[in-house]
Amino acid sequence: MKPSIPKGTRDFSPTEVANRNHIINTIKETFETFGFQPIETPSFENSETLMGKYGEEGDRLIFKILNSGDFLSKADDVTINKKDSLKLTSQISEKALRYDLTVPFARYVVQHQNEITFPFKRYQIQPVWRADRPQKGRFREFYQCDADVVGSDSLWQEVEFIQLYDNVFTKLGLAGTTIKINNRKILSGIAEVIGAQDKLIDFTVALDKLDKIGHEKVESEMLVKGISEEAIQKVQPLFSFDGSNIDKLTSLEAMLATSEEGTKGVEELRFVINSITDLGMQSANLEVDVTLARGLNYYTGAIFEVAAPKGVKMGSIGGGGRYDDLTGLFGVKNPLSGVGISFGLDRIYLVLEELGLFKKVDLPKPKVLFINFGEAEALYAMQAITALRKENIKSELYPEAAKMKKQMGYANKREIEFVVMAGSSEMTNKSYTLKNMISGEQKSVNLTELMSIL
RNA sequence: GUGGUUGUAGCUCAGCUGGUUAGAGCGCUGGAUUGUGGUUCCAGAGGUCGCCGGUUCGAACCCGGUCUUUCACCCCA
């Protein structure tokens with residue numbers, strides 16, 4: 001049998017782990033600078049916690065865990081014979097792998113509401129799983145790095161999250177990212193204005209293709225989807241939507257004047273944009289994008305998505321938004337408003353790699369390697385190593401009395417700075433021959449000198 | 001889930017319209033140098049051509065299935 005790993009999963013080499021840790025540490029550090037505290041939740045949840053929270057597509061992509069034991073005996077024969085997978089799933093599986101970090105967090109908040117001080121700011125960096133078809137930058141196991149605030153309606157949170165994104169990407173040296181922002185209330189307002197709440201998705205999907213297929217084709221697609229000519233006329237400004245954020249807000253305001261909800265959305269967006277304009281950004285761009293329609297299953301206010309710098313072909317490297325009702329789904333009487341963002345660790349990794357932004361990492365390695373010449377010599381070396389390790393000097397003995405060339409080659413390949421050779425003559429002198437592998441020079445020293453040099 | 005694409009040595013890749021023992025570079029192992037690495041030279045090992053089946057006198061090459069990679073749709077980090 002050839003060893004292999006499941007589709008869409010990966011092994012990570014020491015270098016990759018080091019680079020991933022660099023990203024994680026940067027994000028973690030920034031989360032804490034902004035006042036977030038870490039939590040963790042189980043990698044699998046009860047199915048009912050997850051199912052139905054991400055829409056039909058989401059349910060399909062959730063990995064279900066088979067019940068333990070003789071699970072089939074509890075399923076009903078009719079369902080099995082009908083080959084009704086959907087119904088059968090609920091009979092043979094009651095647990096599922098975490099699909100994202102937001103829903104488990106909402107569950108956490110509701111479950112621990114009496115222990116939590118609100119507003120609660122938490123961050124969470126853990127893997128999630130999706131039964132998706134893998135592509136570049138799309139895996140079936142990947143890490144999300146989430147920060148959320150629950151229990152505050154304040155739009156300052158949205159402002160801070162934009163700053164947080166900007167901070168992290170700046171620290172990572174990833175300049176030129178674009179933070180796209182939209183507001184669910186604006187989308188609802190548009191639907192209201194065109195008189196078709198149920199066609200909102202069709203409308204945004206079509207509008208999103210504007211720069212790909214052009215104005216006319218977008219309009220004809222909308223007509224095909226059953227959106228009326230009059231409706232399309234009303235939102236005409238959306239088709240030439242390429243001015244500044246302020247320009248966009250101005251035309252949205254006019255377009256949505258008759259919609260109370262739409263107007264509210266424009267106001268919210270305007271507050272965020274104005275605040276950021278005053279506060280300034282370091283390296284990211286902020287862009288109003290009305291076609292942004294992610295996470296419509298639970299976002300109710302702001303919607304965020306982060307695009308990699310232009311020229312890098314990669315899906316979004318972050319996303320988030322505000323959700324007013326999520327805790328309500330778990331039976332809280334007065335639902336708490338939440339807002340949060342997520343960083344896609346694996347995609348950020350690929351982008352940094354493509355742009356050559358990783359510094360050469362120093363893998364964990366000893367500062368000194370002791371050459372092994374045999375039993376007695378190894379013991380002599382181990383005495384020095386024991387002393388060195390007490391001083392936290394990373395040192396190791398080559399485990400076998402292999403040929404010199406091999407031992408030296410090992411030191412060279414691992415880029416170990418010093419090598420110590422101690423054979424019978426050194427043992428009688430109580431000395432060590434210390435060689436600097438970079439300069440090539442070597443000298444005879446005693447244990448005290450050895451420790452002070454290293 | 002739908003439709004394309006990819007798969008040859010540990011790695012990166014050659015391999016002509018199907019034709020005898022499938023090649024290169026790097027890496028690996030050994031030697032030149034039996035207590036001295038990185039450079040050089042010499043030698044060597046390593047591949048059921050992703051897997052299964054079919055067509056053919058003959059398949060790495062053609063056909064079908066499957067797995068994997070990747071792309072578009074869908075959705076998304």
Side-chain angles (χ1 to χ4, degrees), chain A residues 1-10 13 23 27 54-62 85-86 98-102 125-146 165 201-202 204-205 208-209 212 292-297 299 303-308 313-321 340-351 369-374 377 398 401-427 432-442 444:
Chain A
M1 183 195 120
K2 229 188 223 173
S4 65
I5 55 174
K7 188 202 295 203
T9 64
R10 293 143 306 148
S13 69
I23 301 172
I27 292 173
Y54 310 100
E56 205 176 310
E57 180 76 4
D59 283 356
R60 190 172 66 75
L61 296 176
I62 291 172
S85 302
L86 208 65
R98 181 169 59 213
Y99 178 86
D100 75 352
L101 301 178
T102 306
I125 298 174
Q126 288 190 280
V128 302
W129 295 269
R130 295 183 187 178
D132 210 346
R133 173 115 73 161
Q135 279 183 32
K136 187 185 179 189
R138 175 181 284 194
F139 307 99
R140 300 211 290 185
E141 177 183 61
F142 62 97
Y143 268 70
Q144 289 193 330
C145 314
D146 276 34
Y165 268 137
I201 305 283
D202 287 334
T204 41
V205 165
D208 197 25
K209 295 179 185 165
K212 271 189 196 168
L292 188 57
R294 67 181 314 104
L296 287 183
N297 286 294
Y299 289 143
I303 304 173
F304 301 113
E305 178 169 308
V306 185
K313 232 185 154 196
M314 180 62 65
S316 58
I317 57 176
I341 57 169
S342 181
F343 290 83
L345 171 65
D346 304 83
R347 287 186 179 177
I348 292 171
Y349 185 103
L350 292 172
V351 171
L369 176 78
F370 283 70
I371 300 296
N372 188 332
F373 290 113
E377 293 89 340
Y398 193 87
K403 288 184 177 160
M404 249 324 236
K405 185 184 166 100
K406 183 160 177 133
Q407 299 193 42
M408 293 298 284
Y410 173 82
N412 195 52
K413 221 169 275 174
R414 286 195 66 191
E415 298 178 315
I416 296 169
E417 196 177 346
F418 292 99
V419 161
V420 165
M421 284 159 285
S424 49
S425 59
E426 283 89 349
M427 284 168 76
Y432 298 89
T433 300
L434 178 68
K435 171 160 181 160
N436 182 319
M437 292 297 280
I438 298 157
S439 64
E441 61 187 320
Q442 64 185 61
S444 177

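Sequence lines set the chain letters: A, B, ... in the order given, protein chains first and strands last, and positions in each chain run from 1.
Partners of A:Asn372 under the side chain to side chain donor-acceptor pair (under 3.5 Å) rule, at least two apart in sequence or in another chain, do not exist in this structure. For A:Glu141, there are no salt bridge (Lys or Arg N to Asp or Glu O under 4.0 Å) partners at least two apart in sequence or on another chain. Applying the side chain to side chain donor-acceptor pair (under 3.5 Å) test to A:Glu305 and every residue at least two apart in sequence or in another chain returns A:Arg294. For A:Thr433, the side chain to side chain donor-acceptor pair (under 3.5 Å) test picks out A:Glu426, with sequence neighbours left out. With sequence neighbours excluded, no residue satisfies side chain to side chain donor-acceptor pair (under 3.5 Å) with A:Gln442.
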In B/S/- notation (B base, S sugar-phosphate only, - none; protein heavy atoms under 4.0 Å), nucleotides 4-9 of chain B written 5' to 3' is ------
Sugar-phosphate or base contact per nucleotide [nucleotides 32-37 of chain B; S, B, -; heavy atom under 4.0 Å]: ---BBB
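The CG-P distance, from A:Asp346 to B:C76, rounds to 18 Å in whole Å.
For residues 341-350 of chain A, the pairs satisfying side chain to side chain donor-acceptor pair (under 3.5 Å) are A:Arg10-A:Asp346, A:Arg20-A:Asp346, A:Asp146-A:Ser342, with sequence neighbours left out. Residue pairs meeting the salt bridge (charged side-chain N to carboxylate O under 4.0 Å, His left out) criterion with at least one partner in residues 404-414 of chain A, sequence neighbours excluded, are A:Glu396-A:Arg414.
The gap from the P atom of B:G3 to that of B:C11 amounts to 31 Å, rounded to the nearest Å.
Among the atoms of the strands shown, base atoms are found under 4.0 Å from some heavy atom of A:Gly137.
Shortest non-hydrogen contact noted between A:Met408 and A:Val419 is SD-CG1, 4.0 Å.
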